Amino acid sequence: MVVELPTRIKNICGLRYGQLIVVSFSHTEKGSSYWVCKCDCGNTKTIKAESLKSQNTKSCGCFQKANRHLFKFKDLTGQKFGKLLVIRQVGYTNTSKPRSKWECKCDCENLVIKVGENLTGGHTKSCGCYNKESIIKRCRKDISGRKFGLLTVVEYSHTIGKTSFWKCVCECNSIRILPRCNLISGCTKSCGCQHNLKGEKSHNYNHNLTPEERIIKRNTPENREWEKSVKIRDNFTCQISGQRGGKLCSHHLDGYNWCKEKRLDINNGITLCEKVHKLFHRLYGKKNNTLEQFLDFKQKYQNTNYE
């Protein structure tokens, strides 16, 4: 298939560049023209026009392959670079500019092939074991004896990938194997027992609040237990809309702020969904609420669609 040459591109068919003769136009790509060239060795290759004109490309690659022995490389035999001892040269890289390849023996007894420039430039210092050792050393930085929350680190356990695991003893005497990163970051502070603690022993307990403030904010274990009991009795169902589950509130029929004797009376509570609860307080306010207000509200809004 003959490709038509665009008028703005100069025709270089028949011209010679080194061992290459331009045979025909191939295509354009990103503003550059590409030409089909035939090498003196018989191979055909598509090459960028700029590479031909600048003399960067003079053959299909056969010249470098045939004359690699003419390239001068410094003999690295017997020299040591990091953990690698150079044993012998084993060839060249298959690139436009050949680079010598050397067989090396690492301190860990592994035999590897490395490029000479990488050795002399300091880019390669081992067979790869050095990086692994560095990662393990960094991950296994000793944290024995340190305390994180309720956990005390006893000893190193094992490493998976880049994560080290440590044996820890909790204040409840439970033993856990935990990742170092979770301990250092504070993500893990106990064996799990902390989540079951209540009152002053809970990690969420605010020691700055007075008993009076806790009662006002309803931030007491007794009140939380009351809220849970009301929802369980009502089968986690809003008694106005009929919604089951979702965001539910335990509402005091006779207001929490004034009816102190009924604050923890389960019969003074009713389960409402969040939308219904907000609607009630928008209509009747947030203080001094009464049972009569709720009965009036229930008569008006029972089974109303709140979607």
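Computed from a prediction, not measured in an experiment: that's the story for all the values here.
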So [Y] and [X], do their side chains get closer than 4.5 Å, heavy atoms only?
X    : Y    : answer
N118 : F81  : no
N223 : R263 : no
H27  : T46  : yes
C127 : K83  : no
R16  : D40  : yes
K114 : W102 : no
C259 : D265 : no

(message) Aromatic contact between H252 and W258, with the criterion being ring centroids under 6.0 Å apart: yes or no?
(response) no
Would a single hydrophobic cluster contain both [Y] and [X], if residues Ile, Leu, Val, Met, Phe, Trp and Tyr are joined by side-chain heavy-atom contacts under 4.5 Å?
X    : Y    : value
I175 : V154 : yes
V36  : L52  : no
L279 : L295 : yes
I184 : W166 : yes
F280 : L253 : yes

(message) Please verify the inter-ring angle class for F25 with W35; under 30° counts as parallel, over 60° as perpendicular, anything in between as tilted.
(response) perpendicular
Atom [atom1] of [X] with >12 non-hydrogen neighbours under 6.0 angstrom:
X    : atom1 : value
K80  : NZ    : yes
K125 : NZ    : no
Q299 : CD    : no
K228 : NZ    : no

Specify the closest pair of heavy atoms between [X] and [Y], including all atoms of both residues, with the distance to one decimal.
X    : Y    : result
T163 : C181 : CG2-SG, 4.3 Å
Q239 : Q302 : O-NE2, 3.4 Å
T124 : L119 : O-CD2, 4.0 Å
G242 : T237 : O-CG2, 3.6 Å
I12  : K53  : CG2-CE, 4.3 Å
T152 : K147 : OG1-NZ, 3.6 Å

(request) Report the C-alpha distance between H251 and H281 in whole Å, list the side-chain angles of each, state the deciding distance to 0.1 Å, and finish with yes or no for side chain to side chain contact (heavy atoms under 4.5 Å, CB included). (result) CA-CA 10 Å; H251 173 73; H281 284 298; 3.7 Å; yes
If you look only at distance, which donor and acceptor atoms sit under 3.5 Å apart when one is on a side chain in residues 283-294 and the other is two or more places apart or in another chain?
from	atom 1	to	atom 2	distance (Å)
Y284	OH	D296	OD2	2.7
N288	OD1	N257	ND2	3.2
N289	ND2	Y284	O	3.3
N289	ND2	G285	O	3.2
N289	ND2	Q293	OE1	3.2
T290	OG1	Q293	N	3.3
Q293	OE1	T290	N	3.1

(request) Please test H158 against I177 for side chain to side chain contact (heavy atoms under 4.5 Å, CB included), starting from the C-alpha separation and ending with a verdict. (result) CA-CA 9 Å; H158 63 280; I177 305 297; 3.8 Å; yes
(request) Would you check, one step at a time, whether the test side-chain hydrogen bond (donor to acceptor under 3.5 Å, both in side chains) holds for R244 with N235? (result) CA-CA 8 Å; R244 190 173 192 280; N235 196 27; 3.0 Å; yes
(message) To the nearest 0.5 Å, what is the distance between CG on N56 and CD on E50?
(response) 10.5 Å
